[in-house]
Amino acid sequence: MTDHLNRRSVLASAVAVAAATATVGEAQAKTVDVKIDANNLSPEMKKKHAVRFPKLDDEGRLNFSEGIRRWQLADKEGKAAVAGRQAYLESTGHSLGETKLSHEEAWNVLMQYPPYAARTRIEWANHDLMYENMFSHLHKNRDMYLAAMDATDKAGPGKLELNPDMALPEYTTHEIHRMPGGYVGDPFAGFAYHWTLTEAYYGGSSRYDELHTRMAQACRVPATGDVNRILDIGCSAGMSTTAFKERFPDAEVWGIDVAGPMVRYAHHRSAKMRLGCNFAQRLAEDSKFPDNHFDVVFDFLLTHEVTIAAAKKIASEMFRVMRPGAVWMHNDLPREDNPKAGLGHTIEGKAHVWNTHRHNYEPWYFRYAQDDFPGMLKAAGFDVQVDNDPRGGFIAAVYATKPV
Amino acid sequence: MPEIKSDPKTGVAPFIKGDWNKAVYLDSPHTDNLMTAFLGLSGEHWALRRRMMVLETMLAKNKSVDLAALEAFEPSAEQKVAWDAERDDFIKRIFTVFTRETTKQTADVPTGATPPTGKL
Ligand SMILES: C[S@@+](CC[C@H](N)C(=O)[O-])C[C@H]1O[C@@H](n2cnc3c(N)ncnc32)[C@H](O)[C@@H]1O
């Protein structure tokens with residue numbers, strides 16, 4: 001059987017890719033800082049990041065899910081759809097302003113409106129279909145994918161550390177995003193997570209991990225300019241981890257995640273890209289790294305998936321492992337009072353939060369959306385600054401600097 | 001409660017099974033199931049159409065098709081854009097039906113002129 005990453009000739013050398021796509025920045029003399037324009041990726045860079053299905057029909061099925069996702073996002077926010085929802089709410093005696101209804105009640109009100117209910121059904125049916133197609137492909141080709149990971153587990157480049165003795169906190173073992181088995185319960189969770197995102201769920205906007213490249217490229221560096229060690233917490237499939245290694249090829253880059261299958265795939269992917277990132281199955285709140293160790297810390301979409309107690313511990317643990325002057329770029333979903341994100345305490349805003357929490361199966365998002373993570377960072381001792389979203393969207397990047 | 005530990009080789013650990021696949025969003029589980037099956041069928045239809053576009057491209061070029069090459073085919077940048085646009089159009093035509101506005105019909109047909117929707 002064909003090697004899954006070789007179906008259409010993947011480049012072997014990442015060095016050649018970096019040289020072809022990038023110029024070395026001059027600002028930080030000590031640190032090699034490779035500039036990559038995510039909006040203008042070279043063919044080599046695309047090849048290196050592309051996902052490869054051995055079967056055309058499997059690719060076609062996910063391509064369909066991508067289309068539904070694009071349609072559903074555009075259709076739901078279309079002028080007529082928004083006006084229809086508002087007219088429905090008004091005609092049924094509901095206010096368009098703030099509401100005292102609970103989140104679930106707000107969702108129930110809108111679910112009485114047939115177009116909203118149909119969109120919701122299509123949204124989740126598509127989500128489930130996408131995972132079903134993906135996992136059925138992976139399990140049908142089980143031996144090939146297991147052998148592929150076996151081959152890179154030890155060979156690298158980059159270390160892989162699994163921790164069978166580590167106790168997983170229960171809160172990390174839910175089927176978040178309705179993904180069968182969650183992050184921990186299926187040996188192919190990493191493949192499924194990465195491939196469904198790039199081939200479907202991002203609607204084609206991050207087919208070559210552009211989103212992660214954009215964030216890593218935008219990340220500020222410590223005032224001294226030296227970036228020798230980087231840590232990506234809750235790294236999942238390692239798309240951000242590799243984006244940092246592409247920017248800082250000389251740095252020691254670590255991705256940690258509580259889920260064994262995620263770090264195993266992340267390591268496999270990074271090794272196939274010849275990048276040499278290191279991955280470990282560890283907890284962000286108990287990372288086992290030495291004090292004052294990292295120059296840059298990064299997280300994307302981690303904190304809304306942990307309990308508030310864990311979020312606080314993560315803030316103080318990162319304070320411990322960062323050296324004075326080190327920078328943490330934190331990126332996560334907006335709080336529920338963020339009007340830019342179309343949220344707010346309206347029926348529509350509350351229904352959206354409920355739909356995400358209960359139906360995208362985000363058990364910890366509901367509390368997160370009402371809490372204040374930047375405040376927790378301040379309480380842990382950081383200087384905190386909120387910056388514009390490097391993706392041009394509504395997720396603000398929060399910079400936490402450890403005072404010198 | 002016993003501690004949750006993961007497999008030393010695969011990293012797999014026990015997980016908490018969710019109830020997400022038990023939800024009913026429409027007026028009856030049967031309607032939900034029909035909509036879900038319809039979505040799956042549409043996906044199969046699209047995958048087949050895409051396969052046919054690959055076949056046609058290869059036949060037009062080589063007059064014959066090698067199955068391994070068929071599976072390995074990658075659309076050109078222009079084809080990718082055109083095929084995705086065709087897909088988006090296919091989806092829009094089919095799925096917008098589900099989100100149309102509906103009202104309880106009045107006893108008789110509506111009266112009053114409506115501005116023309118397009119010019120000849
Ligand atoms: C939404 S994903 C993160 C996406 C990823 N950062 C990226 O850039 O694509 C959340 C990840 O956090 C991991 N996670 C959850 N709680 C964790 C914890 N306490 N410590 C480490 N990882 C955790 C999950 O296993 C999951 O892989």
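Residue numbering restarts at 1 for every chain, and letters A, B, ... go by the order of the sequence lines.
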Pair Arg52(A) + Glu74(B), salt bridge at N-O below 4.0 Å: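 Looking at Arg52(A) and Glu74(B), the cut-off is met.
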Lys/Arg N to Asp/Glu carboxylate O, Lys5(B) vs Asp165(A), below 4.0 Å: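 Not counted as a salt bridge, because no side-chain N and carboxylate O are separated by less than 4.0 Å.
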Chain A heavy atoms under 4.5 Å from [X]: which part of the residue, side chain, backbone, both or neither?
| X | result |
| --- | --- |
| Val54(B) | side chain |
| Thr96(B) | both |
| Pro14(B) | backbone |
| Phe90(B) | side chain |
| Arg49(B) | neither |
| Arg50(B) | side chain |

Can you check whether [X] reaches [Y] side chain to side chain, under 4.5 Å on heavy atoms?
| X | Y | result |
| --- | --- | --- |
| Tyr113(A) | Thr102(B) | no |
| Met149(A) | Lys9(B) | no |
| Glu66(A) | Asp84(B) | yes |
| Glu175(A) | Asn21(B) | no |
| Gln281(A) | Ser6(B) | yes |
| Met166(A) | Glu3(B) | no |

Could you look at [X] and say if it's the side chain, the backbone, both or neither that has a heavy atom under 4.5 Å from chain B?
| X | value |
| --- | --- |
| Asn163(A) | backbone |
| Pro363(A) | neither |
| Arg70(A) | side chain |
| Arg178(A) | both |
| Glu132(A) | neither |

Rounded to the nearest 0.5 Å, how far apart are [atom1] of [X] and [atom2] of [Y]?
| X | Y | atom1 | atom2 | result |
| --- | --- | --- | --- | --- |
| Arg93(B) | Trp71(A) | CZ | CH2 | 13.5 Å |
| Leu48(B) | Asp57(A) | CG | CG | 6.5 Å |
| Thr99(B) | Ile122(A) | OG1 | CD1 | 7.0 Å |
| Ile68(A) | Arg87(B) | CD1 | CZ | 9.5 Å |
| Trp20(B) | His359(A) | CH2 | NE2 | 13.5 Å |

Worked check of side-chain contact (heavy atoms from CB on, under 4.5 Å) between Glu71(B) and Lys55(A): CA-CA 6 Å; Glu71(B) 290 296 335; Lys55(A) 291 272 178 220; 4.0 Å; yes
Neighbour count above 12 (heavy atom, 6.0 Å) for Lys76(A) NZ: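 Atom NZ in Lys76(A) is packed in, count exceeds 12.
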Plane angle bin for Tyr25(B) and Trp107(A) - parallel if under 30°, tilted between 30 and 60°, otherwise perpendicular: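 Taking Tyr25(B) first and then Trp107(A), their aromatic rings stand perpendicular (interplane angle over 60°).
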Closest contact, heavy atoms only, Thr10(B) versus Pro187(A):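 Where Thr10(B) meets Pro187(A) most closely, the heavy atoms are CB-CB, 4.4 Å.
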Gly67(A) versus Ile91(B), closest heavy-atom pair with distance: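 Reported closest heavy-atom pair: C-CD1, 3.3 Å.
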Result of checking Ile176(A), Val184(A), Thr172(A), Leu168(A) against Phe15(B) for side chain to side chain contact (heavy atoms under 4.5 Å, CB included):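 With Phe15(B) as partner, Ile176(A), Val184(A), Thr172(A), Leu168(A) yield a single side chain to side chain contact (heavy atoms under 4.5 Å, CB included), made by Val184(A).
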Contacts of type side chain to side chain donor-acceptor pair (under 3.5 Å), residue Ser91(A), not counting sequence neighbours: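 Partners of Ser91(A) by the side chain to side chain donor-acceptor pair (under 3.5 Å) criterion come out as none, since no residue qualifies.
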Stepwise side-chain contact (heavy atoms from CB on, under 4.5 Å) test for Leu39(B) and Asn126(A): CA-CA 7 Å; Leu39(B) 186 90; Asn126(A) 186 47; 3.9 Å; yes
Output the option from [options] having the highest count of non-hydrogen pairs under 4.5 Å with chain B.
| options | result |
| --- | --- |
| Ala125(A), Pro115(A), Ala81(A), Ser65(A) | Pro115(A) |
| Gly182(A), Gly181(A), Gly260(A) | Gly181(A) |
| Ala189(A), Ala118(A), Pro169(A) | Ala118(A) |

Phe64(A)/His45(B) aromatic ring centres below 6.0 Å: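 Between Phe64(A) and His45(B), the centre distance exceeds or equals 6.0 Å.
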Any donor-acceptor N or O pair under 3.5 Å, side chains Trp46(B), Asn63(A):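 Side chains of Trp46(B) and Asn63(A): pair found under 3.5 Å.
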Salt bridge (Lys or Arg N to Asp or Glu O under 4.0 Å) evaluation trace for Arg121(A) with Asp32(B): CA-CA 7 Å; Arg121(A) 174 71 274 178; Asp32(B) 270 67; 2.6 Å; yes
Top of Asp7(B), Leu26(B), Asp27(B), Thr31(B) for chain A proximity - count of heavy-atom pairs under 4.5 angstrom: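 When all of Asp7(B), Leu26(B), Asp27(B), Thr31(B) are compared, Leu26(B) has the most.
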